[in-house]
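Accompanying notes for the structure given below.
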There are 2 protein chains.
Amino acid sequence: MFNKETEYALRGLIYIKLQNLKERRPGTSEVAKEIEAPPFFIAKILQRLVRFGFLKSLKGKGGGFFFDPDKPDIPIIKLISATEGNRSFSGCSFGLKQCDSNNPCPLHEKYVPIKEALNKLITEETIQSLAEKVYKEGLSLIEVMK
Amino acid sequence: MFNKETEYALRGLIYIKLQNLKERRPGTSEVAKEIEAPPFFIAKILQRLVRFGFLKSLKGKGGGFFFDPDKPDIPIIKLISATEGNRSFSGCSFGLKQCDSNNPCPLHEKYVPIKEALNKLITEETIQSLAEKVYKEGLSLIEVMK
DNA sequence: TTATTAAAAGACAAAAAGGTCTTTTGGTAA
DNA sequence: TTACCAAAAGACCTTTTTGTCTTTTAATAA
Ligand code: FES
Ligand code: FES
């Protein structure tokens with residue numbers, strides 16, 4: 001569905017948001033551990049997210065990552081655009097250069113509604129809304145033994 | 001959506017099916033040209049499809065690729081399993097090791113219906129049904145200038 | 001039976017994705 | 001003001017995906 005970078009970014013951002021609510025600013029190694037991502041890789045990904053303006057960071061003792069409380073919520077479509085380019089479900093499932101009802105592929109008719117549902121999902125849900133869901137419903141960001 | 005190999009395989013198989021209906025057996029270079037795929041790459045892909053049993057082939061003069069008329073239609077989920085492994089939309093969008101309603105990710109609830117629609121699509125449609133659609137509706141397998 | 005044709009096989013290579021590590025820079029706190 | 005800490009930057013590596021090419025094998029037709 002999404003690539004690894006997007007998955008780690010999603011889980012990482014949600015973890016950071018959750019910690020921010022507890023007045024904490026987690027660092028790269030904590031995030032890596034808690035979302036089960038490769039430590040150096042998540043470090044690089046979080047750096048990129050800061051450069052993109054999704055996150056803020058502080059160096060040195062007590063440093064770490066946090067959300068700017070003044071900024072609006074981040075729809076995950078924005079995250080996906082940043083991590084994988086804006087291909088976000090606009091393309092043709094069949095490989096045509098563009099998905100166009102004037103030149104549809106044989107999957108077009110049935111695929112378009114699915115694409116629209118996906119686009120709706122990633123437009124409506126935000127990092128913050130997902131974090132809230134995790135918090136309220138006690139969900140896990142990693143595999144859990146039952 | 002799908003990877004390149006799957007896309008080329010899909011378009012290639014449909015093109016071959018369409019030609020078979022006209023009592024023709026296209027070869028690799030014809031298929032490559034008609035679906036706008038890299039010639040050596042589609043050659044390799046078609047070879048694999050023959051090994052998987054999706055297609056038959058004949059060497060030498062008048063040779064080429066064709067479907068065994070005695071075999072049942074091929075649902076595209078089978079093609080996808082062959083080209084990309086059976087990950088076919090069973091996984092978690094969030095990157096959890098498995099998509100499980102007992103340990104759902106925050107996207108689970110809204111993602112599951114989409115996944116089901118996708119699975120329905122790729123289970124119901126076959127190479128043959130798509131070829132028929134292309135034939136009946138005069139669709140194009142490549143980009144078209146209008 | 002020989003020339004020709006076209007797929008099969010498999011080595012090779014470029015590009016992208018995924019991941020690791022070291023060095024530098026900018027903060028914090030004692 | 002120094003010692004330490006943690007992110008930033010960027011080089012480097014591995015694996016997977018995508019693509020190319022050469023050689024071999026098998027079929028056909030003259
Ligand atoms: S043209 Fe292929 S999905 Fe729309
Ligand atoms: S658990 Fe993530 S999609 Fe089902």
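All chains are named by letter (A, B, ...) in the order of the sequence lines, taking the proteins before the strands, and each is independently numbered beginning at 1.
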Within the structure, does a side-chain N or O atom of B:Arg25 lie under 4.0 Å from either OP1 or OP2 of C:dA7? no
Rounded to whole angstroms, how far apart are CG on A:Leu46 and P on C:dG19? 14 Å
Atom CD of B:Glu5 and atom C1' of D:dT20 are separated, to the nearest Å, by 15 Å
Integer-rounded Å distance: C:dG18 P and A:Tyr8 OH: 9 Å
If you check every side-chain atom of B:Phe41, which of D:dA8, C:dG19, D:dG19 has the closest atom? D:dG19
Atom NZ of B:Lys4 and atom P of C:dA17: how far apart are they, to the nearest Å? 12 Å
Looking only at D:dT20, D:dA7, D:dA8, the nucleotide nearest the A:Gln47 side chain is D:dA8
Which whole-number value in Å describes the distance from B:Phe52 CZ to C:dA8 C1'? 15 Å
For atom CD1 of A:Ile45 and atom P of C:dA17, their distance in whole Å: 13 Å
With 3.5 Å as the limit, what N/O pairs link the protein to nucleotides 24-26 of chain D?
| unit_1 | atom_1 | unit_2 | atom_2 | d |
| --- | --- | --- | --- | --- |
| D:dT25 | O2 | B:Lys59 | NZ | 3.3 |
| D:dA26 | O4' | B:Lys59 | NZ | 3.1 |

Donor-acceptor pair, side chain of A:Glu84 and main chain of A:Asn3, under 3.5 angstrom: yes
Identify which nucleotide among C:dA8, D:dT20, D:dA9 has an atom closest to any side-chain atom of B:Phe40, counting heavy atoms from C-beta outward. D:dT20
Pairing of A:Glu30 and A:Lys33 as salt bridge, 4.0 angstrom limit: no
Test: B:Glu132 and B:Lys136 ion pair at under 4.0 Å: yes
Map A:Ser57 and A:Lys44 onto DNA chain D by nearest heavy atom, then report which one ends up closer to the 5' terminus. A:Ser57
Does this structure show an ion pair linking A:Glu137 with A:Lys133, if we count only N-O contacts that are shorter than 4.0 Å? no
If you pin A:Pro38 and A:Gly62 to their nearest nucleotides in DNA chain C, which one's is more 5'? A:Pro38
Nearest-angstrom distance from the residue atom CD1 of B:Ile42 to C1' of D:dT18: 12 Å
I want to verify a distance call: between C:dT28, D:dC12, D:dA8, whose nearest atom is closest to the A:Leu58 side chain? C:dT28
B:Ser29 near the nucleic acid: base, sugar-phosphate alone, or nothing, with a heavy-atom cut-off under 4.0 Å? nothing
